[in-house]
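Worksheet for the structure shown next.
Here is the naming used below: chain letters follow the sequence lines, and residue numbers restart at 1 for every chain.
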Protein chains: 2
Amino acid sequence: MRYHKISDETIRRLPVYLRDLLTLSEQGRSSISSNDLASLLGVNPWQIRKDFSYFGDFGTRGVGYDVENLIRQIKKILRLSGVNKVALVGVGNLGMAVMAYPGFKRYGFEIVAAFDSAAGKVGKQIGDVRIEDVVALNTLQRRNIHVAAIAVPRDAAQETADALVDAGIKGILNFSPCYITVPKKVKVITIDIAMDLARLPYYLPGN
Amino acid sequence: MRYHKISDETIRRLPVYLRDLLTLSEQGRSSISSNDLASLLGVNPWQIRKDFSYFGDFGTRGVGYDVENLIRQIKKILRLSGVNKVALVGVGNLGMAVMAYPGFKRYGFEIVAAFDSAAGKVGKQIGDVRIEDVVALNTLQRRNIHVAAIAVPRDAAQETADALVDAGIKGILNFSPCYITVPKKVKVITIDIAMDLARLPYYLPGN
DNA sequence: CTATGTGAATTTATTCACAGCA
DNA sequence: TGCTGTGAATAAATTCACATAG
């Protein structure tokens, strides 16, 4: 193994590998070849081997990859080993779904705080989390929360992002349908499910 | 303009361009340069010009692009011009959020049917849509619905996809956290928000 | 003089083919 | 022999630079 800068495309694929490896682990599978993993994931075996080769010799030739070891290594690279505390801003329909989404826990994420600006929502209890007023965002730093999800209406997204940056947030998952500007040191990943649906008709047979 | 195969990357960006162009249009803006659009979107101007050049000469040199015309052209390429009827399978937390998501209407999508397997949910009315039993999926073809969203638990995703393919569905937006196998003529786009969150810690400053 | 449109150059990512290890 | 790991080949996407049109 030699040093390589890991490409963003590889980083994008790692969570997908991890997802199915966790499932395999739950099913008691201890080892898997790149071929089998590839057909499970719907990708090419050499893509998987290439991706893995960027950061280590994980496999055993003639055998395959050890599932548990691979999980450990991928988690380490993605920095998913511990628990990642996440704050949510905006507890509307989407925010509620985000809070209820069972997939996060699997990767060590826990939504430990929720904020909204509507007086009617503040104080309400959702599971273990009590909705706080957005003015309390500045408590995030001292509470050791470095990642936040934005699920507010478009017009409030930029000001929410600004407040989060002021509160020391280092990574933002943006569900609002717009581009937000942040300092370079802050990483933003925007998810707009309408954007994905919008490219589906292009691929449909002619009509 | 010459013929080029439009790359998937370009197709992925078109809905993002469209999103902000629609906002500009609502704000009454009639024309915009690639530079201004680029800074609005957080991308490079030449990327925008290159993308647009793949399918037409939309701009006016020295002036910029006509917003309304650009919207019309992008919609035409993405086949978003009319109304796209969408069926939803799985009306849990995520399914409810999908139904309530205001972003779809903007691109001409309308969720006109919803299905669930839980007896307690079947028959319930959500807005204009009455939840139907999944056994009624086979009515989709005659109802002229060609696109469906899957928001069922992982273990039910593949069988749901199979049923949708049998029902003549041509495009699937898969919210379930797994790969699903379908015939080549059917297009699947998988959205797993946990996958996006999972690569965020990688980009955070070292800890 | 401004801003588009596009070949050419560069960079990045994917695919291949096979050497090398268990 | 089976499957990984990886240089080399190929393909694809991005960036540049500038000719061209309004």
- Determine: side-chain N/O of A/Ser34 to OP1/OP2 of D/dC3, distance under 4.0 Å, yes or no. no
- Taking only side-chain nitrogens and oxygens of B/Tyr54, does any of them come within less than 4.0 Å of OP1 or OP2 of D/dT14? no
- Task: Between D/dT14, C/dA3, D/dT6, spot the one nearest the side chain of B/Arg61, thanks.
- Result: C/dA3
- Start at the 5' end of DNA chain C and walk down; is the nucleotide closest to A/Gly62 or to B/Gly59 reached first? B/Gly59
- Specify the closest pair of heavy atoms between B/Arg106 and B/Leu22, including all atoms of both residues, with the distance to one decimal. NH2-CB, 3.5 Å
- Message: Does a side-chain N or O of A/Arg49 approach OP1 or OP2 of C/dC18 to a distance below 4.0 Å, or not?
- Response: no
- Item | Terminal axes of the helix from C/dC1-D/dG22 to C/dA22-D/dT1 (five pairs each): angle between them, nearest 10 degrees | 10°
- Contact class for A/Arg12 vs. all strands (heavy atom < 4.0 Å): base, sugar-phosphate, or nothing? nothing
- Around atom CE of A/Met195, are there more than 12 heavy atoms of other residues, nucleotides or ligands at under 6.0 Å? yes
- Are any of the side-chain nitrogens in A/Arg199 or B/Glu9 under 4.0 Å away from the carboxylate oxygens of its partner? no
- Message: What's the closest nucleotide to the side chain of B/Glu9 if the choices are D/dT15, D/dA13, C/dT15?
- Response: D/dA13
- Message: Does this structure show an ion pair linking B/Arg29 with B/Asp36, if we count only N-O contacts that are shorter than 4.0 Å?
- Response: yes
- State whether A/Asn44 places a side-chain N or O below 4.0 Å from either non-bridging phosphate oxygen (OP1 or OP2) of C/dT15. yes
